[in-house]
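On a predicted model such as this, the values are computed, not experimentally measured, just so you know. Quick note: numbers below take in every heavy atom, side chains included, and nothing from hydrogens, waters or symmetry partners. Reminder, nothing fancy here: chain letters follow the sequence lines and each chain counts from 1.
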Amino acid sequence: MTEEVNIIDKVTNQDYQYGFSTDIEMDTAPKGLSEDTVRFISAKKKEPQWMLDWRLKAYHHWLKMEEPTWQNFSYPKINYQDIIFYAAPKVKKTLNSLDEVDPELLKTFDKLGISLLEQKRLTGVAVDAVFDSVSIATTFKAQLKEKGVIFCAISEAVHEHPELVKKYLGSVVPHTDNYFAALNAAVFSDGSFVYIPKGVRCPMELSTYFRINAENTGQFERTMIIADEGSYVSYLEGCTAPMRDENQLHAAVVELVSETNAEIKYSTVQNWYPGDKEGKGGIYNFVTKRGICEGANSKISWTQVETGSAITWKYPSCILKGENSTGEFFSVAVTNNYQQADTGTKMIHIGKNSKSRIVSKGISAGKSHNSYRGLVRVNKKASGSRNHTQCDSMLIGDRSGAHTFPYIEINNKTAQVEHEASTSKIGEDQLFYCKQRGIGMEEAISLIVNGFCKEVLNQLPMEFAVEAQKLLAVSLEGSVG
Amino acid sequence: MLSIKNLQAEIEGKKILNGINLEVKPGEVHAIMGPNGAGKSTLSSVLAGREDYTVTGGEVIFNGKNLLDLSPEDRAREGVFLAFQYPVEIPGVSTTNFLKTAINEKRKYHGLEPMEATDFLKMMRAKMEFVEMDKSLTSRSLNEGFSGGEKKRNEIFQMAMLEPKLGILDETDSGLDIDALRLVSNGVNKLRNKENAFIVITHYQRLLDYIVPDFVHVLYKGRIVKSGDKELAKELEVKGYDWIKQEVEAAQ
């Protein structure tokens with residue numbers, strides 16, 4: 001036992017690998033939130049009037065809303081007047097190519113393992129790099145353009161493709177949806193925009209890497225992915241932040257639209273700074289992610305590996321409007337030390353014969369709490385729809401908690417809904433068995449946890465599955481006690 | 001190879017081993033028999049380093065090293081293998097992946113590079129054939145949903161892969177039908193050579209018909225009270241343990 005305790009100490013003292021910060025000249029908005037802040041952001045982005053109007057409408061709606069309190073975690077009240085809502089690296093001139101990106105920024109992303117120089121990139125993955133409030137570079141744009149695929153910063157899309165942005169912005173997550181979605185709509189700064197034209201299979205993985213750098217800053221990105229009829233795209237987001245004593249707010253919105261016969265595969269590897277071993281600092285990750293399967297036979301698949309953040313609060317959801325449409329949610333959420341997670345999904349069945357599948361794996365270690373919260377709703381007209389939910393929790397040590405809140409609302413008699421749940425503990429017996437074969441403690445936990453999450457990890461694109469496995473091992477090293 | 005001197009151990013304050021003495025040389029097979037509660041499984045657990053037990057006295061020297069000073073994983077890496085009475089299930093981890101990890105951890109300990117994937121697979125195939133292990137078992141989750149016989153065969157297969165110097169079989173025969181018993185025993189017999197040794201812990205003589213021991217020891221109340229050759233096992237089969245118990249009581 002003492003050996004195990006020692007390992008806990010060792011690991012909780014271990015540094016978060018991505019905790020460095022970049023020293024770069026920044027262009028920031030004054031602290032706090034007002035109508036002027038919204039106007040400031042919009043002006044910085046040289047936005048057209050319709051965009052500013054949209055933001056202001058959201059801002060005034062937000063003022064009337066209250067911060068929700070139903071979640072299964074607690075945090076000190078956020079002072080919105082103490083946050084900087086816009087921070088961007090100073091750009092000296094307009095960029096014509098990647099070679100002109102500030103070398104300091106390129107170095108930052110290199111350090112994170114994300115090379116923005118195309119020749120150095122993994123083949124088959126295009127990257128949009130978002131640093132604090134702005135997108136600094138998008139790779140492989142030219143190759144994608146040949147196929148008609150649009151992959152750019154959303155602020156760019158507002159100028160270049162206003163018809164698409166106007167049509168879809170807020171169509172899945174309206175500004176009235178919830179407190180943080182309203183906030184995001186008012187102050188969102190950047191994020192990725194993806195459009196896959198009819199019948200096109202996107203020739204490479206698309207990926208956005210989010211980096212929070214500046215102090216006292218919130219990151220409010222907005223991502224939109226539209227897969228037109230018969231198209232396919234696989235998209236991955238990754239994220240990290242420096243280690244800071246204060247809590248930083250990250251309130252993002254993601255909207256997906258999958259038209260007839262189209263498929264969107266959306267994967268997340270979330271590794272925001274989780275705070276230190278005493279629970280100080282870390283990112284508040286309050287995110288609204290939702291997709292709509294608009295047309296018949298359309299599909300949306302969410303895969304998430306959540307290892308970071310002090311608090312994770314998100315429910316990537318699917319509105320299954322099209323007949324025979326499919327929604328999937330595969331999730332691994334790991335919490336250690338004082339981390340808290342309240343995450344899950346919503347599957348709203350509207351179309352006939354729509355199908356959904358939920359596989360959630362929660363792992364809690366240290367003094368952390370991990371909740372699964374999920375809703376499966378079958379509307380009146382959704383005859384023949386089916387859902388299967390599998391919800392497994394694993395506890396490591398005896399000071400952590402696992403909670404499950406499944407909600408099921410069925411309004412159609414022909415629906416078939418199944419829910420399976422299990423809770424297990426990494427047993428002394430399993431660990432001893434591994435050790436007796438020469439496998440050390442750290443390696444044993446990693447092996448057992450990866451086995452537990454296998455079904456979900458298998459969903460990740462190859463390039464990232466290995467990454468995610470390593471991340472799991474790092475997040476949990478020495479967490480048995 | 002293995003020298004146990006006056007080994008004493010307890011669990012939760014209860015003394016189980018009261019001074020075990022045992023010498024095992026390369027090439028030997030030692031059977032340890034005894035009635036329920038004699039301390040047979042405790043002995044295997046203590047040798048493997050299970051943390052529930054506290055060693056209160058004595059020493060165990062394994063190839064010149066003080067075994068009791070080593071962590072369970074280092075004992076394994078030094079060449080001690082325990083075939084579990086109740087092998088543990090690890091969902092989502094294939095036997096292949098598990099063994100690859102185990103072998104590479106052992107190699108790292110001995111300063112060797114990880115094994116090439118192709119060499120590993122070749123070795124898997126050879127050893128599977130060697131112990132007549134069903135190929136499909138290695139791609140399934142470790143022991144998950146395995147029958148009792150499959151679990152025990154998997155233990156022997158792992159032993160074949162890890163090539164220990166000392167193999168400890170903890171009641172490997174329990175819960176096996178006669179066919180499974182024969183398969184498991186054949187596997188062990190094929191693995192026997194001049195360099196390695198086995199300690200076979202069993203309640204019944206039946207296993208020793210297949211794995212013929214060089215020495216038989218009777219464990220009673222945490223001590224080895226009688227030693228002999230394979231004939232002793234047969235005598236126990238006929239007469240039971242009562243006469244030994246009486247002998248021990250009389251001597252006291």
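Using a 4.5 Å cut-off between heavy atoms, B/Arg75 does not touch chain A at all. Interface residue B/Phe98: backbone and side-chain heavy atoms are both found under 4.5 Å from chain A. Within the 4.5 angstrom heavy-atom criterion, no atom of B/Glu78 approaches chain A. Interface remark: B/Leu162 contributes side-chain atoms only to the contact with chain A (heavy atom separation under 4.5 Å). For A/Gln430, the parts lying under 4.5 angstrom from a heavy atom of chain B are both the backbone and the side chain. Proximity to chain B (any heavy atom under 4.5 Å) is shown, for A/Tyr433, by both the backbone and the side chain. Proximity to chain A (any heavy atom under 4.5 Å) is shown, for B/Pro164, by neither the backbone nor the side chain. Contacts between B/Leu142 and chain A at a heavy-atom distance below 4.5 Å involve the side chain alone, from C-beta outward. Of the atoms belonging to A/Cys434, heavy atoms from both backbone and side chain fall under 4.5 Å from chain B.
Other residues, nucleotides and ligands contribute only 12 or fewer heavy atoms inside 6.0 Å of the NZ atom of B/Lys25. Dense packing is recorded around CZ of B/Arg140, with more than 12 heavy atoms of other residues, nucleotides or ligands lying under 6.0 Å away. Summarising the local packing, NZ of B/Lys15 is surrounded by more than 12 heavy atoms from other residues, nucleotides or ligands at distances under 6.0 Å.
For an aromatic pair to be called close, the ring centres must be under 6.0 Å apart, and A/Phe329 with A/Tyr266 fails this.
Of the charged side-chain nitrogens involved, at least one lies within less than 4.0 Å of a carboxylate oxygen, so that A/Glu455 and A/Arg357 count as a salt-bridged pair.
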* Residue pair A/His388, A/Glu420: steps toward the side-chain hydrogen bond (donor to acceptor under 3.5 Å, both in side chains) verdict -> CA-CA 8 Å; A/His388 186 269; A/Glu420 284 178 49; 3.0 Å; yes
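Interface check for chain A: of the options B/Gly92, B/Gly49, B/Ser141, the most heavy-atom pairs under 4.5 Å are formed by B/Gly92.
Closest heavy-atom contact between A/Thr343 and A/Ala333: CG2-CB, 4.0 Å.
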